[in-house]
Q: 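Take this structure, written in structure tokens, and hold onto it; I'll ask about it next.
Treat the numbers as computed from the prediction; the structure is a model and nothing was measured. Below, each value reflects all heavy atoms present in this structure, side chains not excepted, and no hydrogens, waters or symmetry copies.
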Amino acid sequence: MEGSGLYLSSSNKTLTWRVLIKLMSAALLLLTAAGCGSDKTAAVQPRGPVDVTVITVHPQDVPITIPFIGTTESSHQVEIRSRVEGFLEKKSYEEGGYVKAGQVMFQIDRRPFEAALQQARGELAEQEARLSTAAANLNRIRPLAEKNAVSKKDLDDAVGQEQASRAAVLSAQGKIRDAELKLGYTTIKSPINGFAGRAKKQEGSYISAGTDSLLTYVAKLDPIWVTFSVSENENLKLRDEILKGTVKWPPYKEFAVEVILADGTVFPNKGKLNFADPSFSSETGTYQVRAEIANPTKSTDVLRPGQFLKVNLLGAVRPNAILVPRSAVMQGAKGHFVWIASKENLVELRDVSVSDWRGEDIFIAKGLASGDRVILDNLIKLSPGLPVKAVERTPAAKAAGTSPPSPAKAAATTAPKN
């Protein structure tokens, strides 16, 4: 190089680059060899068994619930209407309170109806007097007609007059009965025991017959009805499961009906089905089913009409069913699968077909057999053929919804501290 006292010919430059290339190649070979050596070392290192919790499955008859969404309604709700027109004089019940059958709820002004009754009684007395006169006249004419002392026409006129008077008496009696009924209708009573609604009319209001005659309603709450809809698809699915034998209904379809309130609490009383609509609705594609549930009004837990709640039909059974926790079932590209611990405590992958859920568990339709040990935890660490140390889940852990601690964790927990 100029100015440095050194000069490299072209041949020396070529030699220098060759040396550098050889040195870089040797370094790469060393690095590659070191990397391969570490992989081989890792590959040959033995991997210890994974601590897992298992459950041993056995086919058994499992009770199932069939869920729906329902609404409550009164088993006997009556509209309280006025049968006569008049001014509302008095309201005699507590709105929203409990009323008994025969209890007076409203009083309409009686005076016009009392006057009409008195007038009808006067008309009856008048017609009875006319009947008495006509009867006496007929009794006088009949013997004379037998002696041809009077004409036949006179006899016919007397008979007709007596019959017309008798009919007039019957008509007057009917008017009295009508006036008495209308007078009785001015006192409006509850026809049933139940809870009364808000009054539609207040004292002093004029009550007219017809559409304006509604005063309130009384609803019977014990028992109460719960109605829910069964869709055509649900009905066909249940029927198909029954035909296949995967579901068995209770004898005579006597389901118990369980009600779950909006806050998740279970209503203490269970009911029974008392009606099923024989036809589907053309608008909704469903048919109505109704249940009757005891609903004591003195209890603190009282159902009210119009509530939305969950309805469970109890009594159906899945015969010879296999049930596993939902957390043990995984899903891959080919569908659902579970990890199985073999007799040799090696991991096996088992493809399964799942069915309905039951709380935190799920029914396995295909893929498992009696005695299979399904792995519940450490699922992400598993692979086929991996050795495991399996611990059976205890009933206490199942009830608590947790798995027992692995042996390693148990040893660490119980080990004395220095």
Q: Answer yes when E126 and R130 have at least one side-chain N-carboxylate O distance shorter than 4.0 Å, and no when they do not.
A: yes
Q: First locate atom NZ of K381, then atom CH2 of W339, and finally report the distance between them rounded to the nearest 0.5 Å.
A: 14.5 Å
Q: Do D61 and K248 sit within salt-bridge range, that is, some charged N less than 4.0 Å from a carboxylate O?
A: no
Q: Might you point out which heavy atoms bring P325 and D361 nearest each other, and give the distance in Å?
A: CA-OD1, 3.4 Å
Q: If you round to the nearest 0.5 Å, how far is CZ of R318 from OG1 of T246?
A: 5.5 Å
Q: Is there a side-chain contact between K310 and I69 (heavy atoms, below 4.5 Å)?
A: yes
Q: Could you tell me which non-hydrogen atom of Q103 sits nearest to which non-hydrogen atom of Y93, and how far apart they are?
A: NE2-CB, 4.3 Å
Q: Considering only NZ, NE, NH1 and NH2 on the basic side and carboxylate oxygens on the acidic side, decide whether D372 and R350 come within less than 4.0 Å.
A: yes
Q: Please report the interatomic distance NZ(K200) to CD1(I207), rounded to the nearest 0.5 Å.
A: 12.5 Å
Q: Heavy-atom count check: over 12 atoms from other residues, nucleotides or ligands less than 6.0 Å from Q119 CD?
A: no
Q: Got F363 and V62 here, is their nearest side-chain heavy-atom distance under 4.5 Å?
A: yes
Q: Does a side-chain heavy-atom distance below 4.5 Å link K182 with T186?
A: no
Q: Assess whether atom CD of Q331 is packed by more than 12 heavy atoms of other residues, nucleotides or ligands within 6.0 Å.
A: yes
Q: Within the supplied structure, the quantity of interest is the number of heavy atoms (other residues, nucleotides, ligands) at a distance under 6.0 Å from Q118 CD; does it exceed 12?
A: no
Q: Kindly indicate whether the side chain of N345, heavy atoms from C-beta on, has any atom under 4.5 Å from the side chain of P387.
A: no
Q: Over all heavy atoms of both residues, which pair between T227 and E73 is shortest? Give the atoms and the distance, please.
A: CG2-OE1, 3.1 Å
Q: Roughly how far, to the nearest 0.5 Å, is OG of S74 from CD1 of I192?
A: 6.0 Å
Q: Roughly how far apart are D240 CG and N235 CG, rounded to 0.5 Å?
A: 11.5 Å
Q: If you round to the nearest 0.5 Å, how far is OG of S92 from CD of E203?
A: 8.0 Å
Q: Quick one: does L131's side chain get under 4.5 Å of Q127's, heavy atoms only?
A: no
Q: Other residues, nucleotides and ligands only: do more than 12 of their heavy atoms fall within 6.0 Å of CD on E360?
A: no
Q: Do L215 and M105 come close enough that some side-chain heavy atom pair is under 4.5 Å?
A: no
Q: Would the number of heavy atoms belonging to other residues, nucleotides or ligands and lying under 6.0 Å from CZ of R326 be above 12?
A: yes
Q: Check each of S279, S229, S281 against Q288 using the side-chain hydrogen bond (donor to acceptor under 3.5 Å, both in side chains) test, and report the only one that passes.
A: S229
Q: Give a yes-or-no answer on whether the side chains of T265 and D263 include a donor-acceptor pair shorter than 3.5 Å.
A: yes
Q: So which heavy atom on F337 is nearest to which on G332, and how close?
A: CE2-N, 3.7 Å
Q: Could you check whether R304 and N295, counting side-chain N and O atoms only, form a donor-acceptor pair closer than 3.5 Å?
A: no
Q: Among T56, I340, V54, which residue satisfies the side-chain contact (heavy atoms from CB on, under 4.5 Å) criterion with V374?
A: I340
Q: Do E292 and F275 have side chains that approach each other closer than 4.5 Å (heavy atoms only, starting at C-beta)?
A: no
Q: Taking all atoms of both residues into account, what is the closest heavy-atom pair of V247 and A316, and its distance?
A: CG1-CB, 4.4 Å
Q: Considering non-hydrogen atoms only, spot the tightest contact between K220 and D222 and give its length.
A: CE-O, 3.2 Å
Q: Do E162 and N137 have side chains that approach each other closer than 4.5 Å (heavy atoms only, starting at C-beta)?
A: no
